Amino acid sequence: MAHPARRRLTVPLLALGLTATLAPALAASPASAAPPSAPAGPAGTEASALAPYAHQKLTWKRCAADKPAAYRCATLKVPLDYRAPRGRTIDVAISRLRTGEPGKRRGVLTFNPGGPGGPGLDLPLELAGVLPKSVRDRYDLVGFDPRGVGRSTPVACGLTEDEKRFPRPSHSPAEFAANTAWAKTVADKCRARHGDLLPHLSTRNTARDMDVLRAALGEKKLSYFGVSYGTGLGAVYTQLFPRRVDRFVLDSAVDPARMWRGMFRVWGSETEPAFRRWAAWTARRDATYHLGASPAQVERTFWKLVRRADAKPVEVGGDKLDGAAVRHTMRRAFFTVREGAETLVMLRKAAAGETVPGLPAQTAPDNAMSAQWAVVCADASWPRDPKTYYRDSLADAARYPLYGDFASSMPPCVFWPRGAEPVTQVDNKVPALIVQNEWDSQTPLVTARGLHRALKGSRMVTVDEGEGHGVLFAAPRNACAEDTAMGYLATGRLPDRDVTCRATPGQRRAERVPHAF
């Protein structure tokens with residue numbers, strides 16, 4: 001079984017070649033232990049109302065009998081609604097692994113593995129095995145399950161395996177009606193179980209929870225390593241608490257201006273160039289894969305299989321895939337060219353009647369999916385007319401035939417309780433380091449560039465021809481990207497300009513990550 005840190009936080013939390021030139025970061029004042037200071041609250045919130053949270057006494061205990069004794073856990077109390085901090089509280093489960101070099105300690109480094117809906121409580125223990133000593137010496141590693149996730153006042157809507165499935169294309173009025181019923185069912189289930197929580201399970205509030213954590217630990221500043229959705233969370237933190245930011249590394253970036261409908265729809269437009277690149281790569285290897293000797297022939301082979309599956313579904317490990325399911329199965333594979341070729345070969349064999357292994361499960365646990373929808377729906381203002389999604393699905397299917405209809409499909413957010421607060425607009429000059437693969441299936445290069453524009457004090461490391469979702473610590477390892485990112489965490493020195501690294505040769509392990517981002 002894959003190491004959990006590589007499976008999520010760095011998997012696809014990867015690899016390169018050049019040695020980046022580093023220059024001093026703009027702000028490098030020490031952020032070691034200091035008297036607690038109350039985290040800044042939303043406009044109109046008195047500091048005195050938040051002071052009990054900032055100064056709360058944490059009771060640390062061994063996380064589990066099968067975990068090292070040095071690995072300690074505690075429960076942090078935070079307001080459900082930061083606009084009413086004297087009201088209901090919820091729990092945030094936190095963990096800590098102290099540095100083995102107290103004399104070198106700078107502060108704390110916390111993490112988010114993505115999702116939304118990914119638990120982060122065990123990340124300090126998992127990442128301690130891959131972070132370089134220069135980083136481990138400088139920080140206590142601190143993990144937490146975001147609100148609504150894992151052990152942090154979790155939400156679970158009781159979703160069936162079919163109800164977890166998303167996105168869903170709408171090619172006909174019948175499909176549209178079925179998808180509307182699905183979206184309403186999911187929203188109704190979640191509202192019935194957690195209606196009081198849902199409006200407050202937002203990225204904005206999770207960022208506030210991080211700042212309560214910082215204050216309760218007695219830290220003036222916070223360092224952070226976020227992956228995928230975790231980059232969006234990190235960006236929101238920089239906007240809300242710019243003076244509390246120390247060293248932030250953001251791997252495989254969400255564009256805060258696209259959270260969240262735009263992050264789904266970008267899959268439609270960005271799959272098209274990935275498909276063309278894959279077809280050209282596969283054509284050059286026709287002797288191996290026999291899918292076509294030219295890009296046009298390879299593309300025809302793919303679309304022929306899609307039509308064949310629409311006429312007679314392709315059986316794969318007991319599942320029957322129609323043409324839409326084939327497109328959905330192949331979308332991520334196109335971004336990792338070898339995986340794409342091998343997957344299409346397997347599907348052709350299945351269509352010819354051969355027995356092939358089943359595809360890895362794509363759905364996540366109920367808590368992960370329920371929390372994911374809670375955040376996605378609370379963060380953004382979604383169109384409330386279902387017909388909007390049907391019109392967009394048809395239009396995007398015509399513009400982006402590979403995946404446009406999927407990417408524009410309707411989420412449960414149409415029927416979900418509205419978020420308690422407006423979306424956080426990210427636009428600041430806080431220093432941060434963004435790390436990004438050129439060919440990322442989930443957070444494409446265009447979205448990383450969007451985050452780079454929003455964080456005007458950031459530098460960006462782009463892995464030229466890098467494949468897959470997640471850069472740091474994923475196989476094959478990339479020395480250029482890792483040296484730059486870990487050097488920044490250890491020294492505070494950002495590159496003096498953006499960096500381009502070369503992808504490390506070698507097949508990337510296939511990713512089957514259930515979370516959206």
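Every value quoted in this text rests on a predicted model; they were computed, and no experiment measured them. We're numbering straight along the sequence, starting at 1.
Residue V461 is tested with T500, N437, V499 for a side chain to side chain contact (heavy atoms under 4.5 Å, CB included); the sole match is V499.
Between F248 and Y488, the distance from one ring center to the other does not fall under 6.0 angstrom. Ring pair F335/W278: centre-to-centre distance not below 6.0 Å. The aromatic ring centroids of F275 and F302 lie less than 6.0 Å from each other.
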message: Quick one, L347 with M330, criterion side-chain contact (heavy atoms from CB on, under 4.5 Å). Give me CA distance, side-chain angles, the key distance, then yes/no.
response: CA-CA 10 Å; L347 292 176; M330 289 294 299; 4.0 Å; yes

message: The test is ring pair (Phe, Tyr, Trp, His ring centres under 6.0 Å); show your working for W260 and Y229 and say whether it passes.
response: CA-CA 10 Å; W260 284 108; Y229 162 72; 5.8 Å; yes

- request: List the steps and the verdict of ring pair (Phe, Tyr, Trp, His ring centres under 6.0 Å) for W182 and F166.
  value: CA-CA 10 Å; W182 163 80; F166 181 83; 5.8 Å; yes

- request: Take R276 and E299, measure what side-chain contact (heavy atoms from CB on, under 4.5 Å) needs, and give me the verdict at the end.
  value: CA-CA 8 Å; R276 292 191 294 270; E299 292 183 16; 4.2 Å; yes

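The aromatic rings of Y289 and W281 are tilted relative to each other, their planes meeting at an angle between 30° and 60°.
The shortest side-chain heavy-atom distance between E465 and R502 does not fall under the 4.5 Å cut-off. The shortest side-chain heavy-atom distance between V430 and K456 does not fall under the 4.5 Å cut-off. Annotation: side chain of T355 is not in contact with side chain of K349 (no heavy-atom distance under 4.5 Å).
A salt bridge does not link R332 with E467: none of the charged nitrogens is closer than 4.0 Å to a carboxylate oxygen. Taking a cutoff of 4.0 Å between a charged side-chain nitrogen and a carboxylate oxygen, D396 and R265 qualify as a salt bridge. Salt-bridge check for K164 with D366: failed, with every basic side-chain N at 4.0 Å or more from each acidic carboxylate O.
K189 and T160 get closest at one heavy-atom pair: NZ-CG2, 4.0 Å. A481 approaches V435 most closely through the heavy-atom pair CB-CG1, 4.2 Å.
Relative to the six-membered ring of W416, R191 misses at least one condition, a distance below 6.0 Å or an angle of at most 45° to the axis.
Sequence neighbours left out, the pairs with a member in residues 396-478 that pass disulfide (SG to SG under 2.5 Å) are C377-C413. Counting only residues at least two apart or on different chains, the ring-ring contact (aromatic ring centres under 6.0 Å, His included) pairs with a member in residues 383-403 are F176-Y390, H328-Y403, Y403-F406.
Between the side chain of S458 and the main chain of P431, no donor-acceptor pair closer than 3.5 Å is present. Proximity of a side-chain donor or acceptor of E270 to a complementary backbone N or O of S441 within less than 3.5 Å is not detected.
D379 and S202 share no side-chain donor-acceptor pair at under 3.5 Å.
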